[in-house]
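One-based numbering along the sequence shown. Bear in mind that the values here come from a model prediction, so they are computed numbers and not experimental data.
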Amino acid sequence: MDNKQYNALFSFIWNIANDVLVHAFEKGDYKKIILPFMVLRRIDVLLEPTKAAVLEKKDFCDSHHLADYTPFLTQVTGYPFYNTSAFTMKTLKNEIDPQRLKMNIIEYFNGFSQDVQDIIDKFKLRQQVDNLTEAGRLGSLLEKFTDENINLSVKPVMQEVTKEDGTKEMVERLPGLDNHTMGTIFEELLRKFNEENNVTEAGEHFTPRDYVRLLGQLAVEPIKDKITDNTYTIYDGACGTGGILTIAQEEIERIANEEGKRVRTSIFGQELQPDTYATCKADLMISGNINKFSYRLGTVDHQYIAFGSTISQDGHAGEKFDFCISNPPFGTPWKEDLKNWGIGDKKEITDPRFFDGANSFIPDIGDCQMLFLANNISRMKDTPLGTRIVEVHNGSSLFTGNAGGGESNLRKYIIENDLLEAIVAMPENDFYNTGISTYIWIITNRKEERRKGYVQLIDASKLCSPLRKNLGSKNCETTEDDRNRILQLLMDFKETPESKIFKNEDFGYWQVPVLRPKRDKDGSIVLKKGKPVIAKNRTEVEQIPLLYPGGIEAFYEKEVKPYDSEAQFDEPIIGYELSFTKYFYKPVELRSLDAIMDDIRSIEADTDGLLDEIMK
């Protein structure tokens with residue numbers, strides 16, 4: 001399919017919303033109708049050639065009392081889906097009575113196999129059929145999707161033509177649409193709907209494809225020489241519409257091919273929002289990135305793409321993965337997870353993913369992103385390649401939480417176990433609906449020898465290219481050249497203005513409570529058995545770097561005792577935090593005195609001229 005044909009097909013589908021749904025539906029709801037109906041039409045045309053054979057095989061299964069007829073019907077269709085109703089979209093559109101059409105399309109929905117049913121349910125498509133019927137638009141929608149001027153089949157549409165010599169031949173009228181191109185159209189439609197309507201929830205940011213491509217490259221490029229002929233697993237516990245999974249899959253397969261390796265990939269994900277989950281599953285189904293949606297682990301069936309909260313409804317319990325790549329929600333409360341667990345306080349959580357045996361990784365109830373990071377840490381494999389985690393966070397994950405708190409404990413665990421390879425600071429305004437700064441954490445349990453004991457911080461906040469036209473808050477993109485520059489900084493592992501290398505201990509500190517003698521109302525020291533009573537002020541602490549020469553004792557003797565001899569130190573707690581501002585701070589260069597004086601003289605000259613003009 002050439003660009004002209006592709007653009008014509010894309011425009012036709014995009015304009016269905018403007019032609020059919022305008023004035024009857026909110027613009028933010030267009031994608032909830034257009035995308036699932038496009039998926040159903042794609043499936044519909046794939047199933048058309050075997051329709052009669054499927055119905056015949058279904059009758060055979062029924063007559064032989066075979067309850068599980070799925071293996072028989074998928075063998076007939078050649079796809080992991082089927083439809084046992086008497087209808088196709090083309091036969092549905094022939095019904096002119098709105099109520100009978102509604103009944104027929106519900107029967108058509110009910111005839112689909114379970115994975116398609118799941119998409120229909122999560123999109124609430126039966127309710128949308130009610131809405132379309134009420135608005136009198138259902139028939140028009142079916143007419144558009146079955147229009148003879150578009151082809152969503154893998155096979156081309158042929159037509160007979162008469163040549164100049166009078167002979168007839170069959171020529172291609174419309175090209176076939178392979179899975180990759182179908183997936184591309186779906187993704188582009190989804191992106192355009194999200195950009196134009198800005199409909200994502202607060203804290204849940206649709207990840208731009210240029211950014212996603214970088215995540216995949218950061219995961220794979222640094223270890224491409226270690227890839228072997230093998231099967232690799234990719235996991236995203238906040239998979240959204242599945243873009244990170246599919247692009248990471250493409251990157252692994254592309255790089256493996258360049259290295260002369262033959263690999264297979266399996267993708268695993270989980271998503272909480274119903275329509276986003278449905279979108280992900282639909283995209284994977286029609287793009288061919290996944291051939292089946294369920295697998296058996298032991299005696300239990302699991303879903304490759306699970307529905308529900310990764311935090312409290314783990315769809316892949318006990319699974320380990322080669323690559324964990326995610327962009328979890330930022331600043332999103334997770335109180336509902338306590339309800340899912342059937343508990344009332346986060347102190348009651350016992351899930352081993354969120355502990356290291358002695359310390360809790362559980363963060364404040366107002367932000368769940370560190371729970372997603374702990375979840376990924378629990379998925380690391382003990383293999384020669386190990387596991388690479390590439391995860392997007394906002395700035396709070398770098399420093400929030402006191403020493404001994406869940407956030408600091410997780411940072412402590414990651415750094416003290418030498419898992420943190422690098423953190424990349426990305427440009428502001430790189431997402432569609434937020435200008436927030438983001439940071440990419442790169443974690444591995446198989447560090448290169450040269451990196452052991454060190455962490456690399458990369459300031460890529462200026463490595464971006466401006467867009468000609470803003471897309472919501474997004475005013476820049478990470479082009480291929482930008483991605484290559486970031487990758488080069490990571491691979492070089494050298495000190496530059498954009499790359500700093502630190503010892504693991506540089507990020508650690510002792511948080512030491514300060515004790516003082518208790519005093520009574522007149523200011524006198526309170527004594528007990530002749531000794532001062534020592535009191536601790538909860539808010540008074542000293543934060544001492546782990547690498548402070550001589551440690552806590554030396555800090556006390558040098559920094560505290562000479563100025564406050566009554567102060568004493570209590571038992572310290574070790575914490576960890578990172579600060580890009582501290583490490584990459586560039587003071588604004590002050591203007592020279594001569595430049596300032598030149599400006600003053602210029603202003604004086606202008607003022608004198610103005611005064612002369614007024615006096616005239």
Side-chain angles (χ1 to χ4, degrees), residues 218 330-331 363-364 367 369-370 373 390-430 435-443 447 451-464 485-486 489-490 492-514 539-552 554-556 558-560 572-590:
L218 291 171
F330 306 153
D364 183 81
D367 193 349
Q369 61 184 305
M370 293 297 269
L373 184 56
V390 178
E391 186 161 312
V392 182
H393 287 264
N394 67 9
S396 68
S397 293
L398 299 170
F399 55 81
T400 53
N402 293 322
E407 298 93 337
S408 180
N409 282 344
L410 182 56
R411 291 190 293 268
K412 177 176 182 285
Y413 178 86
I414 292 169
I415 295 172
E416 289 190 349
N417 283 279
D418 206 15
L419 302 177
L420 184 57
E421 180 175 291
I423 297 179
V424 182
M426 292 297 287
E428 295 180 350
N429 300 308
D430 215 357
I436 197 169
S437 296
T438 54
Y439 299 82
I440 302 173
W441 292 55
I442 305 169
I443 294 170
K447 268 190 182 182
R451 289 183 178 273
K452 289 182 178 178
Y454 294 94
V455 174
Q456 183 180 12
L457 300 184
I458 297 173
D459 180 12
S461 59
K462 305 301 181 187
L463 298 183
C464 58
R485 290 170 67 193
I486 294 169
L489 287 168
L490 179 69
D492 287 347
F493 191 57
K494 294 177 180 177
E495 288 270 350
T496 73
E498 295 86 17
S499 170
K500 306 292 183 185
I501 297 169
F502 300 90
K503 292 180 179 179
N504 288 343
E505 296 82 3
D506 277 317
F507 306 112
Y509 62 89
W510 288 289
Q511 182 175 293
V512 187
V514 176
T539 61
E540 189 174 5
V541 296
E542 287 286 356
Q543 189 163 305
I544 306 169
L546 289 185
L547 295 180
Y548 189 90
I552 296 173
F555 182 91
Y556 178 79
K558 185 176 181 180
E559 309 285 351
V560 178
I573 304 172
I574 292 179
Y576 279 80
E577 66 179 22
L578 303 99
S579 171
F580 267 78
T581 304
K582 172 183 174 183
Y583 303 128
F584 290 96
Y585 174 70
K586 295 176 182 176
V588 178
E589 186 176 343
L590 298 177

K.L.:
For Asp364, give me all partners under side-chain contact (heavy atoms from CB on, under 4.5 Å), at least two apart in sequence or on another chain.
P.N.:
Glu407
K.L.:
My understanding is that only residues two or more places apart in sequence, or in another chain, count here; which of them pass salt bridge (Lys or Arg N to Asp or Glu O under 4.0 Å) with Glu559?
P.N.:
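With neighbours one apart ignored, the set is empty.
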K.L.:
Not counting sequence neighbours, which residues clear salt bridge (Lys or Arg N to Asp or Glu O under 4.0 Å) with Glu421? List them please.
P.N.:
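So Glu421 forms a salt bridge (Lys or Arg N to Asp or Glu O under 4.0 Å) with Arg388.
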K.L.:
For residues Gly404 and Asn409, report the shortest heavy-atom separation together with the two atoms involved.
P.N.:
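Closest pair (atom of Gly404, atom of Asn409, distance): O-ND2, 3.1 Å.
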K.L.:
Using the test salt bridge (Lys or Arg N to Asp or Glu O under 4.0 Å), find all partners of Glu505 that sit at least two apart in sequence or belong to another chain.
P.N.:
none
K.L.:
Can you measure from CD1 (Ile414) to CG (Leu410) and round to the nearest 0.5 angstrom?
P.N.:
4.0 Å
K.L.:
Checking Asp506 side chain against Lys503 main chain: does a donor-acceptor pair fall under 3.5 Å?
P.N.:
yes
K.L.:
Within a strict 4.5 Å, meaning less than it, do heavy atoms of the Tyr556 and Ile544 side chains meet?
P.N.:
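A side-chain contact under 4.5 Å is absent here.
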K.L.:
Has the side chain of Glu577 got a donor or acceptor atom that lies under 3.5 Å from a matching backbone atom of Ser408?
P.N.:
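Checking the backbone N and O of Ser408 against the side chain of Glu577, no donor-acceptor pair under 3.5 Å is found.
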K.L.:
Check side-chain hydrogen bond (donor to acceptor under 3.5 Å, both in side chains) between Thr400 and all other residues, then give those that pass, not counting sequence neighbours.
P.N.:
none
K.L.:
Determine whether Val424 and Met426 make a side-chain contact, defined as any pair of heavy atoms from C-beta on separated by less than 4.5 Å.
P.N.:
yes
K.L.:
Pair His393, Ile423 - check side chain to side chain contact (heavy atoms under 4.5 Å, CB included), show working.
P.N.:
CA-CA 10 Å; His393 287 264; Ile423 297 179; over 6 Å; no
K.L.:
Does some side-chain heavy atom of Val514 sit less than 4.5 Å from a side-chain heavy atom of Val560?
P.N.:
no
K.L.:
Got a sec, which residues hit side-chain hydrogen bond (donor to acceptor under 3.5 Å, both in side chains) with Glu542, two or more places apart in sequence or on another chain?
P.N.:
none
K.L.:
Between Gly401 and Tyr509, which heavy-atom pair has the shortest distance, and what is it?
P.N.:
O-OH, 4.4 Å
K.L.:
With Phe555, which residues qualify under ring-ring contact (aromatic ring centres under 6.0 Å, His included), at least two apart?
P.N.:
Tyr548
K.L.:
Just to verify, what does Asp418 make a salt bridge (Lys or Arg N to Asp or Glu O under 4.0 Å) with, not counting sequence neighbours?
P.N.:
Lys447
K.L.:
Looking just at side-chain N and O atoms, do Ser499 and Gln456 make a donor-acceptor pair shorter than 3.5 Å?
P.N.:
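Per modelled atom types, Ser499 and Gln456 side chains form a pair under 3.5 Å.
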K.L.:
I'd like to know if the side chain of Asp459 and the backbone of Ser461 have a donor-acceptor N/O pair within less than 3.5 Å.
P.N.:
yes
K.L.:
Answer whether the closest heavy-atom distance between the side chains of Ile458 and Leu463 falls below 4.5 Å.
P.N.:
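Of all side-chain heavy-atom pairs linking Leu463 with Ile458, none is under 4.5 Å.
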K.L.:
Could you pull out all residues at least two apart from Val455 that satisfy side-chain contact (heavy atoms from CB on, under 4.5 Å)?
P.N.:
Leu420, Leu457, Asn504, Phe507
K.L.:
Taking atom CG of Leu398 and atom NZ of Lys582, what is their separation to the nearest 0.5 Å?
P.N.:
13.0 Å
K.L.:
Which residues pass the side-chain hydrogen bond (donor to acceptor under 3.5 Å, both in side chains) test with Lys462, sequence neighbours left out?
P.N.:
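Lys462: no side-chain hydrogen bond (donor to acceptor under 3.5 Å, both in side chains) contacts found.
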K.L.:
Atom OH of residue position Tyr454 - does it have more than 12 heavy atoms of other residues, nucleotides or ligands inside 6.0 Å?
P.N.:
no
K.L.:
Report the residues that fulfil side-chain contact (heavy atoms from CB on, under 4.5 Å) with Asn402, sequence neighbours left out, ordered by chain and then residue number.
P.N.:
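side-chain contact (heavy atoms from CB on, under 4.5 Å) list for Asn402, sorted by chain: Gln511.
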K.L.:
Just wondering, do Ser397 and Trp441 contact through their side chains at under 4.5 Å, heavy atoms?
P.N.:
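Contact flag for Trp441/Ser397 side chains = yes.
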K.L.:
Would a 4.5 Å heavy-atom cut-off, applied to side chains only, mark Trp510 and Leu546 as touching?
P.N.:
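They are in side-chain contact.
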K.L.:
Quick one: sort the Tyr583 and Phe502 rings into parallel, tilted or perpendicular, breaks at 30° and 60°.
P.N.:
tilted
K.L.:
Who passes side-chain contact (heavy atoms from CB on, under 4.5 Å) against Asp367, sequence neighbours left out?
P.N.:
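Applying side-chain contact (heavy atoms from CB on, under 4.5 Å) to Asp367 gives Gln369, Ser396.
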K.L.:
Identify the heavy atoms of Pro513 and Val541 that sit nearest to each other, and give their distance.
P.N.:
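Pro513 and Val541 have their closest heavy atoms at CA-CG1, 3.9 Å.
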